[in-house]
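Only one structure is covered here, and it is reproduced in the block below.
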Protein chains: 4
Amino acid sequence: MTIAKKAADRPAAALASARRADLVRLAGELFAEKGFRATTVREIADAAGILSGSLYHHFDSKESIGDEILAGFLNDVLGGYRAAVAAESDPRATIERIVHSSATALTEHRAALTMLQNDWNHFSGQPRFAYLRAAMREIEQIWVTQLEAGKAAGLFRADLDAPLTYRLLRDMLWIPIHHRPGGDRGRGPDQVTEAFLRLLFDGITAAAPARKARRRTA
Amino acid sequence: MTIAKKAADRPAAALASARRADLVRLAGELFAEKGFRATTVREIADAAGILSGSLYHHFDSKESIGDEILAGFLNDVLGGYRAAVAAESDPRATIERIVHSSATALTEHRAALTMLQNDWNHFSGQPRFAYLRAAMREIEQIWVTQLEAGKAAGLFRADLDAPLTYRLLRDMLWIPIHHRPGGDRGRGPDQVTEAFLRLLFDGITAAAPARKARRRTA
Amino acid sequence: MTIAKKAADRPAAALASARRADLVRLAGELFAEKGFRATTVREIADAAGILSGSLYHHFDSKESIGDEILAGFLNDVLGGYRAAVAAESDPRATIERIVHSSATALTEHRAALTMLQNDWNHFSGQPRFAYLRAAMREIEQIWVTQLEAGKAAGLFRADLDAPLTYRLLRDMLWIPIHHRPGGDRGRGPDQVTEAFLRLLFDGITAAAPARKARRRTA
Amino acid sequence: MTIAKKAADRPAAALASARRADLVRLAGELFAEKGFRATTVREIADAAGILSGSLYHHFDSKESIGDEILAGFLNDVLGGYRAAVAAESDPRATIERIVHSSATALTEHRAALTMLQNDWNHFSGQPRFAYLRAAMREIEQIWVTQLEAGKAAGLFRADLDAPLTYRLLRDMLWIPIHHRPGGDRGRGPDQVTEAFLRLLFDGITAAAPARKARRRTA
DNA sequence: AATGAATGAGTTTTCATTCAT
DNA sequence: CATGAATGAAAACTCATTCAT
C-alpha cells in the first residue's frame, strides 16, 4: 500500500548506505533552494566534494534521487492523511489532524515541496512518477469527502462547493513551510498551522457581536 | 510609475509589429503549458512556423519575451490594486475590488502565472527582473495595510496576524486561473472568485444559529 | 511497402538538405571503418569540420543517422529481392538475379554492411529498428522459397535442407563488398559475384570426367 | 609455438584458481550474448555476485579476460588446423578434418566467436592482440594451400580462385555454432557440418540425370 | 523577414579502473 | 578476497545565440 519503490531491483546495500542517505539529503537541500531541474548533478557532486560521475555509483540517474525524495515525502503525507481518516472523528477534527500532520511532513521534507512546486510539469508527465498524480488524487478525494461529510453534519456551510473549496485551499496547504527559515520572525510552524486552521474555519471577519447580520450594511 | 519597459530601447517598428505580438502570444501559450525554462526557442519557432534563429529578428533574447509577458501582467495587476486602494472604500470592499481585478488580470495573462510559479527562482535572481520582487513587495504591502485597517475598524478579527494571513492567502490568490480551461465543469471565473471571497471572509464553518459560540480549535 | 521513414515528423527541409546528405555519407564512411558504436559523434563532426553539437542541428540523434543509412540499404536490397521474385523465372535464374542485385546494393552501401555485422546486437534490440528483423525475415523467406522451388523442379539437390543452407549462405552473401578496397588485387565485384554463384551452384569439386565415383564424406 | 600467455606474468595462484576460471566462463557467456565491448565489468561482477572492483583481484583488466578467452579459442582452432595438415592426406580429406575440428572448437568456445565477429575492430588494432591477425593469416594460408593442392591434383575445379574462395567461405566456417541453442530444430552440429561440406564440395545443383553424372545417384 | 548552418558552453550519463579498509 | 567509495576521461546530447546569405 505504500508508495516507496521496491528495493528489489538494485542491491539492497545500495539503498541502505549511509553515504547514499547523505547524498540524498544534500541533493534535497539544493533542490529546495533552486528547484530540481535548475540544480545540476555537478552542483550536487561539488557540494558532496566528489566528481559528478561518482554520483552514479550511488544512483542510476538524477531522476532517481528526485524519486527517492518525492516518494518519501508523499509516503509521509499520505500516511498522515490515512491515519487522520482512520481515527474516525467528526470532519472538523479530521481536517485538523490532516493539517497538523501535513505541517509536520512539510517540515521534514522541505525539498519535496519546492520540487513539486517548481517542477511539477517535469515530473508529472513521466510514467515513473505516476504515483505523484495518484497521490494528488487521493489527497483531493479525502478533502472533498471530509468537506461533504461536514456539510451533511451541519458543521460546514451548506452552500460550500467542496471540490472548488479544495482547489482554493490546495496551494495554501503547502505554505507553512514555504516560509524561509527565519523568514517568519517569531512564528513557528505551530502558530502558522493554527492561523491556517482559523482562517479556514472562520475566515477573517470579526464575529459580529451585536449585529444581527454577518454581512455589512454598506 | 509603470513597470513597462521604455519603448525607446528598441526600434519602434519592432514594438509596433503585429507579427511580434503574435509571437509573444504564441510563446506565452507554450510558457503557460510547460513553464518558461522548459520551453525551448525552437519550440516557439516551430509553433510560429519559422526557424529558431529567425526569432532573433523580433527579440534579442528569450528572456526579453518573458520580460514582455511578465511586465504586462504585473502592470495590469498592480493597476488593479492601485485603483482599488484609490477608491478609498472600507477595507472589505477594497479587498473585494482587488480580488475581482486580479481574477480579470489572471484570465487575460494565463502564461504569466505559470511562469511565476514554475520559474520564480530563475527570474527573481536576475537584475533585469528586479521589478518582480518590487511588485510582490507592493502587493504584500497593500494586503497587509488593508488587513490592518480592517482590524482597526473592527471588521476583521482582532487576533489576525496580517503578514502571516497574507502569506497564507497568497498562493490561493493565484488559483482562479490555475484551473485548466474546462477543468471546472460549470464554474466560471466569477463563481470561483465569489467562492474565494466567501472562504476568505467567513471560512467554511456553518453559522451557528442556536449555538452560543463557534470557537476555535485548541 | 517500403521501409523508409516517413518524412512527416520533421520539417521536410531537414531531410532534403544537401548538407545533411553530406553528413550522412561522411558518417557512413566512418561507420564502415570502425562500426557504429565505435564511432563517436565527435569523430563525425571532426570529419565534417564542425563541432559535435552542430550535428544535432541536422539529426536528432546519432541513432537517427544509423537509421537513415540502414533503412536506405535495406530498402535497396529488398527492392532487388522483390524484383527478382516478380520476374518469375526459374529458381536458379531468380537466385542469380538476387545475388547480382545484392552485390550492387552492397557496393553502394558499404557502411550499412559493417554496421549490421558489428552492431547487429545494438540495433536489433531497439523497437526503432524493428524493421531490421522484419527485413531479415523476408530475405530468409525468399531464399528458402526459391531453394524449395528449385528442389521441387529437380534443379537443386533433393536432400537440400533449405533453411540450413540459407543460414550457411547468409554471411557469404554480404562478402563481395566486404573486401577492403584494394584488398582484392585485380578482382572486381563482378568476378566476386560470379565466383560466389559458381561456388553456390557447383561447389569446388572438379567434374569427374572418367572416374567412377568420388566418395562422400561419411 | 602456442599463443597462450606465458604463465610467468602473473602469480601462479591466480591462474590456477578455480574462482578465476568461473569468472572467465561467466564473462564469456555475457560476451557471447552481447559482445565484448557492450558488456560492462559491472555486469560481469553482478553475474558473479561480487562488486566490479573485486574483479581486479583476479584480472588486471577487462581486456585480459578477453585475451584469455580468445587465446584459448585460437589455440584450439590452430591446433586442429595443424593436426589436419600434419595428417598428410589428400586436400579433400584435410579440409574435412579442418572443418570437423573447427566445429568442435566452436562448440566449446561459444563466446570467442561472438567476440571476434562483433569486436574484431576493437581487438585487431591493439598490439596485445597481434596474435589474432597472425592466426587469421595462418588459417587463410592453410586453406589457400589446400585449395591449390586440390586444384593441382585435379580434385577441385581448375578455374577456382583459391584466395577468393577462402574469403567467400570464411564467415560460413564460423556458423555451425552461431545457431542459437535450440534455434535449429532437430539439427545438431554434426548435421550442420555435413551440410556445409556438401555445399562446399558439390554446391546445390542436382546431378544432371542424362549426363554421365557428376554425383551419386541418391 | 527569414533561412541554414554553425557555435560554445553546458548537461546528464557511462565505465574501466584504483585503492584504503 | 571482497567492499565501498571514488576517479577521470569521454560519451551523447541540449540549447540560446550568432551571422552570412
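Proteins come first, then strands; the chains are lettered A, B, ... in the order of their sequence lines, and each starts at number 1.
As judged by a 4.0 angstrom heavy-atom cut-off over every strand, C/T39 is placed among residues touching the sugar-phosphate backbone only. Within 4.0 Å (heavy atoms only), B/L51 reaches at least one base atom of the nucleic acid. When heavy atoms are screened at a 4.0 angstrom cut-off, A/R42 is found touching base atoms of the nucleic acid.
At least one donor-acceptor pair under 3.5 Å links the side chain of C/T114 to the backbone N or O of C/A32. The closest donor-acceptor contact from the side chain of C/R42 to the backbone of C/S52 lies at 3.5 Å or more, if one exists at all. A donor-acceptor contact shorter than 3.5 Å links the side chain of A/K62 to the backbone of A/F36.
Considering only heavy atoms from C-beta on, A/S61 comes within 4.5 Å of A/R128 through its side chain.
Atom CZ in C/R20 sits about 13 Å away from atom P in E/dG4, given to the nearest Å. What separates CG of D/L55 from P of E/dA16 is a distance of 10 Å, to the nearest Å. Rounding to whole angstrom units, CG of residue C/D46 and P of F/dA12 are separated by 12 Å. Between the CD atom of D/E63 and the P atom of E/dT17 there is a distance of 7 Å, rounded to whole Å. The distance between atom CD1 of B/I44 and atom P of F/dT17, rounded to the nearest whole Å, is 10 Å. We find that CG of C/L26 is positioned 16 Å from C1' of E/dA5, with the value rounded to whole Å. Atom P of nucleotide E/dG10 and atom NZ of A/K62 are separated by 16 Å, given to the nearest angstrom. Atoms CZ (A/F59) and P (F/dA5) sit 11 Å apart, rounded to a whole Å.
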Next on the checklist: Does C/F31 form a side-chain contact (heavy atoms from CB on, under 4.5 Å) with C/D119? I'd like the steps, not just the answer.
Outcome noted: CA-CA 10 Å; C/F31 293 158; C/D119 304 290; over 6 Å; no

Item to check | Residues C/I65, C/V41; criterion side-chain contact (heavy atoms from CB on, under 4.5 Å); working and verdict | outcome: CA-CA 10 Å; C/I65 308 182; C/V41 293; over 6 Å; no

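For B/V41, whose side chain is taken as the heavy atoms from C-beta onward, the closest listed nucleotide among F/dA2, F/dA6, F/dA16 is F/dA16. Side-chain proximity of C/I50 to the nucleotides E/dT7, F/dC15, E/dA1 is greatest for E/dT7. With F/dA5, E/dT12, F/dA2 as the candidates, the nucleotide lying closest to the side chain of A/S17 is F/dA5.
To the nearest 0.5 Å, atom CE of residue D/M115 and atom NE2 of residue D/H122 are 8.5 Å apart. Note that CG of B/N118 and CZ of B/F123 are 10.0 Å apart. Values are rounded to the nearest 0.5 Å. Distance check, rounded to the nearest 0.5 Å: CD1 of B/I50 to NE2 of B/H57 gives 9.5 Å.
Nearest-nucleotide positions on DNA chain E for A/F36 and C/A48 put C/A48 closer to the 5' end.
For the residue pair B/N75 / B/Y131, no side-chain donor-acceptor distance below 3.5 Å is found, with atom types taken as modelled.
When the side-chain nitrogen and oxygen atoms of D/R37 are compared with OP1 and OP2 of E/dA16, none of them lie within a distance under 4.0 Å. In this model, the phosphate group of F/dG4 is not approached by any side-chain N or O of A/H58 to a distance below 4.0 Å at OP1 or OP2.
Across E/dA1 and F/dT21, the matching C1' atoms stand 13 Å from one another, rounded to whole Å.
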Checklist outcome for this item: Pairing string of DNA chain F (Watson-Crick or G-U wobble, both atom distances under 3.5 Å; | = paired to other strand) is .||||||||||||||||||||

Between N or O atoms, less than 3.5 Å apart, protein on one side and nucleotides 18-21 of chain E on the other: list the pairs.
none

